[in-house]
Amino acid sequence: MSEKGDRPIGVFDSGIGGLTVLKEIIRELPQESTIYLGDTARVPYGIRSAETVIRYSFENTSFLSSRDIKILVVACNTASSVSLQAVKNSVAIPVIGVIEPGAKAAVRATRNKKIGVIGTAATVHSNAYTKAIHAIDNTIQVFGLACPLFVPLVEEGWITGKVTAMVAKQYLGSMKEKGIDTLVLGCTHYPLLKKVISRVMGKEVTLIDSAVETSREIRTLLEVFDLKREQKKSPTRQFFVTDSPDRFVKVGENFLGEKIDHIEQIIVGN
Ligand code: DGL
């Protein structure tokens with residue numbers, strides 16, 4: 001049994017959305033302890049400048065590092081897009097974002113070499129997915145599209161219904177015309193809208209959930225660094241937020257599909 005493996009996996013997101021990533025981590029690695037930080041006081045990150053998101057990411061990383069985590073998962077697509085390298089440079093533990101795993105899966109899935117990427121404005125404008133896809137195969141055409149209204153719709157729990165279907169249709173109409181066969185759900189919230197998105201895009205378009213791919217890569221990372229938890233005792237699940245723990249628990253339990261017991265409000269940065 002490796003003692004260093006007993007430490008938790010640290011995960012941060014701008015708020016609640018990263019619980020879709022945590023959920024996949026728990027599904028893939030149920031024996032691992034986790035610490036989740038949702039920066040609910042400063043969400044959304046997707047409309048902010050890269051400079052600001054980088055600063056927030058450093059502050060979140062610094063908090064999680066102080067809790068003795070063994071690896072850090074940047075669950076937020078926006079933060080992964082603009083700050084992953086800076087975060088990696090700032091800590092001695094392995095760091096994984098959601099962009100590269102999602103990009104790899106999309107390249108594997110596409111047949112006609114036309115991939116769509118939807119995300120926040122910051123993610124789309126950063127071109128992080130395009131760069132990651134082109135690093136693997138630069139003959140692939142990538143079409144980015146920001147869908148900012150999807151985040152508040154999901155936050156309100158409007159994951160089905162007429163309004164959400166209308167918004168999806170309006171946003172994705174232009175994407176459909178590109179003739180893509182693969183669409184990356186490049187935002188923590190979008191996996192919850194899979195059904196609505198799939199209905200607009202049609203069955204022939206494969207939807208890529210970065211969260212699923214990321215959790216598989218985390219497993220590999222733990223194996224490579226010999227960091228798997230071998231303990232038979234139940235793993236611990238800790239949650240920290242920078243604002244409104246009650247709302248986080250209420251909406252978050254839906255995202256996660258299980259109870260959130262240990263939650264604390266904290267201040268990151270200054
Ligand atoms: N977590 C963000 C992302 O995946 C979505 C919410 C936000 O804008 O902060 O890009």
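Order of appearance sets the numbers: ligands from 1, and atoms from 1 within every ligand.
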Among Lys70, Arg229, Arg7, Lys228, whose salt bridge (Lys or Arg N to Asp or Glu O under 4.0 Å) with Glu32 holds?
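Only match with Glu32 under salt bridge (Lys or Arg N to Asp or Glu O under 4.0 Å): Lys70.
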So if I only count non-hydrogen atoms and take anything under 4.0 Å from ligand 1, which residues does that give, chain by chain?
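The 4.0 Å shell around ligand 1 contains Asp13, Ser14, Val43, Pro44, Tyr45, Gly46, Cys76, Asn77, Thr78, Thr120, Cys187, Thr188, His189.
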Under the side chain to side chain donor-acceptor pair (under 3.5 Å) test, residues paired with Arg199 that sit two or more places apart:
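Side chain to side chain donor-acceptor pair (under 3.5 Å) list for Arg199, sorted by chain: empty.
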Does atom CD (Glu223) have a neighbourhood of more than 12 heavy atoms from anything else shown, all under 6.0 Å?
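More than 12 heavy atoms, drawn from other residues, nucleotides or ligands, come within 6.0 Å of this atom.
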Looking at Gln31, I want to see if its CD is surrounded by more than 12 non-hydrogen atoms of other residues, nucleotides or ligands under 6.0 Å.
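Counting other residues, nucleotides and ligands, CD of Gln31 exceeds 12 neighbours.
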Phe58: what forms a ring pair (Phe, Tyr, Trp, His ring centres under 6.0 Å) with it, not counting sequence neighbours?
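By the ring pair (Phe, Tyr, Trp, His ring centres under 6.0 Å) rule, Phe58 matches no residue at all.
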Considering residues at least two apart in sequence or located in another chain, which fulfil the ring pair (Phe, Tyr, Trp, His ring centres under 6.0 Å) criterion with Phe150?
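Phe150 satisfies ring pair (Phe, Tyr, Trp, His ring centres under 6.0 Å) with Tyr171, Tyr190 once adjacent residues are dropped.
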